[in-house]
Every structure is written in structure tokens, then in C-alpha cells.
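Right, one structure below, let's go through it.
This structure is a prediction, so every number in the text was calculated from the model and none was measured. Quick note on labels: first sequence line is chain A, next is B, and so on, each numbered from 1.
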Amino acid sequence: MEFMDQIFVNLKSTVLTLAGGFLPPWAVILLCAAISLGVIAVIGPVTMMYLTLIERKVLARMQNRIGPNRTGPWGLLQPLADGIKMLTKEDIVPKNADRIVHLVAPILIVIPALLVFAVIPFGKNMIPADLSVGVLYFLSISSTTTIAIFSASWASRNKYSLLGGMRAVAQMISYEIPMVLSVVPILLVTQSLSTGAIVRAQGAYGGWGWFVFTPWGFAAFITFFLCAVAECNRSPFDLPEAESEIVAGFHTEYSGMKFALFYMAEFMNAFTLSALAATLFLGGWQGPWLPSWAWFFIKTYALIFIMLWFRGTLPRFRVDQMMNLAWKFLLPLSLINILVAGFWHFANPPLAIGGSIAMLWASGWIFTRLNRDYTPEKRTYLFGE
Amino acid sequence: MFFGSGVIKGMLVTLKAFAASYFRGPDKGGIFTVQYPEQRLAEKENFRNFPFLVYDKTPDNLRCVACDICAKECPPKCITIVREFDKDNKPLKRPAVFSIDHTVCMNCGICEEACPFDAIFMDHNFEIASTDRQGDLLLQKEALLKSNDYFNKIRPTDASAIDAKRAEAEAKKKAAEQAAAAKAAAAAAAPKLAAAAADKPAVPTEPPKTV
Ligand code: SF4
Ligand code: SF4
């Protein structure tokens with residue numbers, strides 16, 4: 001059990017010890033970083049490739065289909081075939097496009113998606129870089145995606161791209177705020193920004209002290225997860241690439257591998273945001289019986305499954321509905337939630353539980369009441385009759 | 001109902017479909033996909049596409065008489081027929097060339113309806129994909145000819161009805177022939193008899209004197 005838990009950590013330290021026999025100390029440090037980097041550089045794209053397959057399979061099953069099953073057993077080679085297809089496709093750049101920005105944008109979007117892997121605790125002692133500002137690092141790096149998306153849409157010189165880009169900017173900026181605010185209660189309670197410390201703080205009750213089991217944690221989890229879905233432009237928040245309205249949104253003018261890079265960034269963002277949600281609210285690698293990394297991947301993939309499930313079920317929001325949800329519901333709720341977390345921290349347990357549930361329920365009820373669209377009982381047509 | 005209950009209801013529908021796809025049969029909400037090249041649905045007898053020519057027993061014995069009716073009726077004009085001639089340039093009741101362009105044929109079945117000689121019928125063959133347009137899709141007489149047994153196999157109801165009809169017609173024809181033959185024989189015999197009858201009184205009454 002302990003052996004399985006630490007198998008990857010031990011593997012790495014064995015390699016480093018062996019290398020330490022004939023390498024100078026600075027080279028060993030470099031090698032240590034290179035191993036972590038290499039693992040991330042492999043995990044990122046591989047995750048993305050197989051997420052596309054999982055997505056197609058899960059969606060197919062929800063629609064009474066089978067999904068890809070011809071390339072290899074259960075279609076397992078499908079991502080490779082798609083990759084080859086993407087690589088060999090013609091790269092088309094519009095005549096009036098800004099060629100340099102058009103080329104740089106897809107590269108720019110992948111970098112933050114890969115960078116944020118650095119602070120994700122994949123298991124006990126398995127965090128590539130346990131920064132003391134891990135959560136802040138994650139949120140700030142992942143928010144730069146907006147720039148890449150907007151430069152892609154601007155450089156394409158296409159009105160659909162531009163509309164998609166503007167929607168993306170509006171959406172990402174709107175959802176960033178409730179997302180960051182929903183993390184604040186966690187930071188208040190754990191008094192740390194480090195992802196490793198946040199996971200360790202959830203280790204109570206034999207690995208079951210997850211924050212999602214507290215009232216404020218639950219509300220924050222819902223807020224965070226909805227914002228995460230919106231941040232990676234996934235359905236039902238896929239307005240920036242709404243194919244039924246604006247062709248393909250910001251990547252209308254992209255083809256071949258450049259398009260694949262956007263796809264890759266989207267899926268890696270889905271993975272990292274699910275991983276962060278699992279880290280902050282579902283106890284990260286905490287959990288009984290199984291090795292820590294197994295718990296981490298189970299939780300992350302469960303959240304990804306919920307994202308796919310959303311996509312299989314919900315129709316796309318309208319722009320105003322999407323904005324309303326962020327500004328009129330999630331934002332006030334996450335502000336109230338900070339108050340509730342403080343109340344929970346300072347009140348006595350029975351009062352804390354009852355009081356915070358009551359506060360959250362009441363505010364949720366009030367916000368839904370206030371958010372109701374005004375629909376007149378009966379339309380009166382003045383000149384209709 | 002509380003806020004968001006519609007979303008939860010919708011999510012449960014898709015979750016049910018997801019679970020059913022693994023654990024339920026095709027008629028109970030599970031997957032009903034047929035994995036085509038490996039699995040096939042049973043062919044329906046009334047399924048029809050692409051015409052073929054029927055022959056009885058041997059391929060020389062084809063029913064088509066090159067009357068050109070089907071070629072005239074065919075809406076997209078994809079049938080080409082050239083009549084066969086013998087050495088003396090006498091037209092024969094059989095086609096020298098009979099070709100159907102499968103790239104043009106629209107599977108309407110009018111040729112089958114129009115043919116007065118029960119010679120052309122719609123087939124069940126739908127796997128005609130090919131990379132050679134002239135060679136594999138412009139079908140010549142040899143490729144179009146299929147036996148009556150094959151026709152009986154793919155469309156037993158129609159084939160047996162047509163066989164019965166043809167047998168009846170054959171029998172009638174034979175009967176008519178026999179009747180005609182009998183009549184002809186009778187007609188041939190009648191003058192003799194009449195002559196005999198005419199001769200008879202003459203013979204005894206007027207015996208040849210010179211013999
Ligand atoms: S099926 Fe219709 S289109 Fe095809 S050959 Fe017969 S008459 Fe022509
Ligand atoms: S297939 Fe029938 S209609 Fe067509 S030419 Fe032959 S006999 Fe005439």
C-alpha cells in the first residue's frame with residue numbers, strides 16, 4: 001500500500017540517486033526538473049488525446065450510439081489517427097490575416113495550459129512544484145488564455161472569429177471573478193495558497209475531511225465548477241465557438257495542427273480545472289484504501305465526466321443568460337459564501353452548521369427570486385383586436 | 001418545483017441513456033446500432049435496387065427479346081439495348097448489347113414494371129461501391145444476367161407468382177398449339193376425307209375402265 005502510494009516518487013529518487021553517482025549536484029537538480037517537465041509534457045498531450053476519445057465515447061453512449069470503435073480495440077488508436085490527420089492537413093491562412101499573430105496565438109494558448117500542471121498535486125509528495133502561491137499562480141496563469149483567444153480571433157480578420165473572441169473575453173472575465181471569490185473561503189480556512197497544504201488540510205476523518213462536505217465548501221464547489229466549465233468554454237458555456245451561431249467562433253479560420261492546438265488547450269484546461277476543483281474541494285489525493293494518485297485521478301475524471309455529461313444534456317446559453325448567471329447569481333453567492341465561511345470558523349459547531357446552511361439556503365432562494373425574468377401574466381395587445 | 005430542477009431532470013435522462021447503453025438490450029432503450037460489415041440485418045424481401053436480367057436454366061436462354069420498352073421507359077435513360085442480327089441480317093429476338101449504367105440508374109423499378117416479357121427485375125445487391133466507373137458500374141449483359149433460381153431465392157413471392165404465370169401461359173400456348181395443330185391436322189385431313197368422300201362414290205360408280 002505504502003509502496004504503491006509512493007511508487008512514482010521512489011522511482012524518481014532512485015533515478016536521481018543513480019545519476020548523483022556521476023553527475024555534479026547542479027546537473028542533478030536540472031535532471032530533477034527535467035524529469036518533472038518531461039512527465040508533464042507527456043501527460044498533458046496524452047491526457048488531451050484520450051479525453052477526446054472519452055468525450056466522443058461518453059457522448060455517443062448518451063445519445064444511444066457506440067462511438068469510435070474501428071481504430072484499434074474499442075477505438076483506442078483513434079486519437080493517434082486523428083493526430084496524424086491533423087498534422088498532414090493543409091494549413092490555410094486567410095489572405096488578409098495578420099500572419100504573425102495568427103501563427104503565435106495557438107502556440108500562446110497551449111503554454112498556460114501546460115504551465116498550470118506545475119502546481120497540481122497528483123498524489124502524496126507528487127506535486128511538480130509546491131509553490132507557496134500555488135492557487136494564485138494557477139488562477140493568474142490560466143486567465144492569460146483570454147489574450148491568446150482574443151488575438152487569434154483578431155488576427156483571423158473574420159467577423160465570426162471576432163464575435164467569438166469578444167464573447168470569449170466577456171465570458172472569461174465575467175466568470176473569473178466568481179471563480180476566484182469561490183476559492184477565497186478555502187484560503188481563509190486553510191490559511192495557505194499552496195495546493196499541497198490545501199490538500200493536507202482535508203485529511204481529517206481518515207481522508208474524508210473534504211471541504212465539499214461543509215455547507216460553504218459545497219456552495220463554493222458548485223460555483224467553482226460552473227465557472228470552471230465556463231472558463232474552458234465547454235458546453236453549455238461554449239458561446240465563443242457556438243457552431244450554430246458563429247461558424248466556429250474564434251477558431252473559424254484555423255485548420256490543421258493550429259486548430260488542434262486550440263483543441264488541445266481546451267481539453268488540457270478541462271483537465272487542469274477539474275484537477276484543481278478536486279484539489280480544492282474534493283480532498284485532492286486524500287482518501288482511504290487506494291493509492292493517493294489513484295484517488296486524484298478518480299476524482300478528476302469524475303469531474304470531467306460531469307463536464308461531458310453537461311455537454312450531452314444541456315443546450316447552449318444565450319449571451320444574456322450567461323452573463324446573468326455570472327453577475328447576478330454566482331458573484332453575490334460567492335461573496336455571501338465568504339461571510340458564511342467566516343461564520344463557520346468562529347461559531348460553535350451546532351450553530352455553525354445550522355446557521356451557515358440557513359444563510360446559504362436563504363441567499364440562494366433570494367437570488368433565484370431576484371433573478372426571475374419578468375413575464376407578464378397576460379399580454380395585452382393594444383391594437384391587436 | 002425548485003430552481004434548477006429542470007436541469008437535474010434532463011441530466012437524469014442522459015444518465016439513464018448512458019447506463020442503458022451498457023446494460024440494456026436494443027429494444028429496451030439500449031444501443032440498437034448494427035455493426036454493418038460484420039453484422040447484418042436480414043434482407044427484406046421487398047427491398048429492391050438495381051435491375052438484373054433473368055435467364056431460364058442457361059444464360060443463352062434469356063427472357064429478354066430486345067423489344068426496347070424498358071430503355072424507352074427508363075426515366076434517366078440508363079439502359080442501352082442493341083438487337084442481335086444473324087448472318088443474313090435478319091433480326092433475332094435477343095439483345096447483342098444490354099447495358100445499364102449504375103451511376104445513372106435511380107432504382108425506380110419502372111423497367112421491371114414495363115417489361116412485358118418478365119425479363120428484367122430489381123435486385124437486392126447494394127454493395128456496388130467501386131473505384132472503376134466504366135468497368136464496374138457500367139454493367140454489361142454478362143454481368144446483368146442472373147438465373148431464375150437466384151430470383152426465386154431473393155424474392156420468392158414474386159418469382160413464384162411469375163413462374164406460375166409463365167407456366168400457365170406456356171401451357172395455354174401449348175394447348176393452343178396443340179389445338180391449332182389438331183385443327184390444322186383436321187383441316188389437312190378434312191379435304192382428303194372430302195376428296196375421299198367425293199372420290200368414293202366416283203370410284204365404285206366409275207371404275208377405271210382403262211386399267
Ligand atoms: S430502375 Fe429505373 S432508372 Fe434504373 S434502369 Fe430501371 S427504369 Fe432505369
Ligand atoms: S428487358 Fe424486357 S422490356 Fe427490356 S428490352 Fe428486354 S424484353 Fe424488352
Side-chain angles (χ1 to χ4, degrees), chain A residues 54-71 73-75 218-219 222-223 225-226 229 235-237 302-317 321-322 324-325 328-330 332-333 360-373, chain B residues 1-50 102-103 105-107 123-133 135-137 154:
Chain A
I54 292 172
E55 166 158 53
R56 288 169 69 179
K57 281 277 192 193
V58 169
L59 281 184
R61 292 277 171 178
M62 286 180 176
Q63 297 161 356
N64 269 344
R65 294 183 287 116
I66 293 182
N69 66 347
R70 292 277 143 178
T71 338
W74 306 294
F218 185 71
I222 301 286
T223 317
F225 190 66
L226 286 180
V229 175
S235 182
F237 299 98
L303 290 181
I304 288 174
F305 177 79
I306 294 178
M307 282 193 183
L308 304 181
W309 188 11
F310 277 158
R311 171 147 184 217
T313 313
L314 303 176
R316 190 180 300 121
F317 276 119
Q321 291 169 332
M322 185 264 295
N324 281 352
L325 181 67
K328 293 193 193 165
F329 187 77
L330 294 180
L333 192 69
L360 282 172
W361 187 82
S363 49
W365 186 78
I366 290 171
F367 293 143
T368 50
R369 297 295 291 193
L370 289 178
N371 267 322
R372 278 218 303 224
D373 290 338
Chain B
M1 273 302 182
F2 61 95
F3 181 75
S5 58
V7 172
I8 292 172
K9 219 157 119 194
M11 302 271 289
L12 287 180
V13 170
T14 39
L15 189 67
K16 223 167 89 190
F18 181 75
S21 74
Y22 286 100
F23 303 114
R24 289 280 181 83
D27 44 351
K28 298 203 185 74
I31 290 181
F32 39 81
T33 311
V34 176
Q35 297 285 317
Y36 159 60
E38 292 93 30
Q39 305 171 359
R40 284 155 185 273
L41 294 175
E43 265 174 17
K44 296 269 189 299
E45 196 189 328
N46 281 349
F47 165 58
R48 281 140 209 235
N49 66 351
F50 295 121
H102 277 22
T103 59
C105 173
M106 61 184 192
N107 293 321
D123 204 348
H124 278 189
N125 177 26
F126 54 93
E127 289 160 316
I128 62 158
S130 156
T131 51
D132 181 5
R133 195 168 162 175
D136 291 343
L137 293 178
I154 62 166

Shortest non-hydrogen separation from [X] to [Y] and the atoms involved:
X         : Y        : value
Ala17(B)  : Met62(A) : CB-O, 3.4 Å
Arg65(A)  : Thr33(B) : CA-OG1, 4.3 Å
Phe32(B)  : Asn64(A) : CE2-ND2, 4.1 Å
Thr313(A) : Met11(B) : CG2-N, 3.5 Å

[X] versus chain B, the contacting section by heavy-atom distance below 4.5 Å:
X         : value
Leu314(A) : side chain
Phe367(A) : neither
Arg369(A) : neither

Practice task
Check the surroundings of atom CZ in Arg70(A): do more than 12 heavy atoms from other residues, nucleotides or ligands lie under 6.0 Å from it?
Solution key: yes
Practice task
Inspect the surroundings of OH in Tyr36(B) and state if more than 12 heavy atoms from other residues, nucleotides or ligands are less than 6.0 Å away.
Solution key: yes
Practice task
Say whether, by atom type as modelled, one donor and one acceptor occur between the side chain of Trp309(A) and the main chain of Thr14(B) under 3.5 angstrom.
Solution key: no
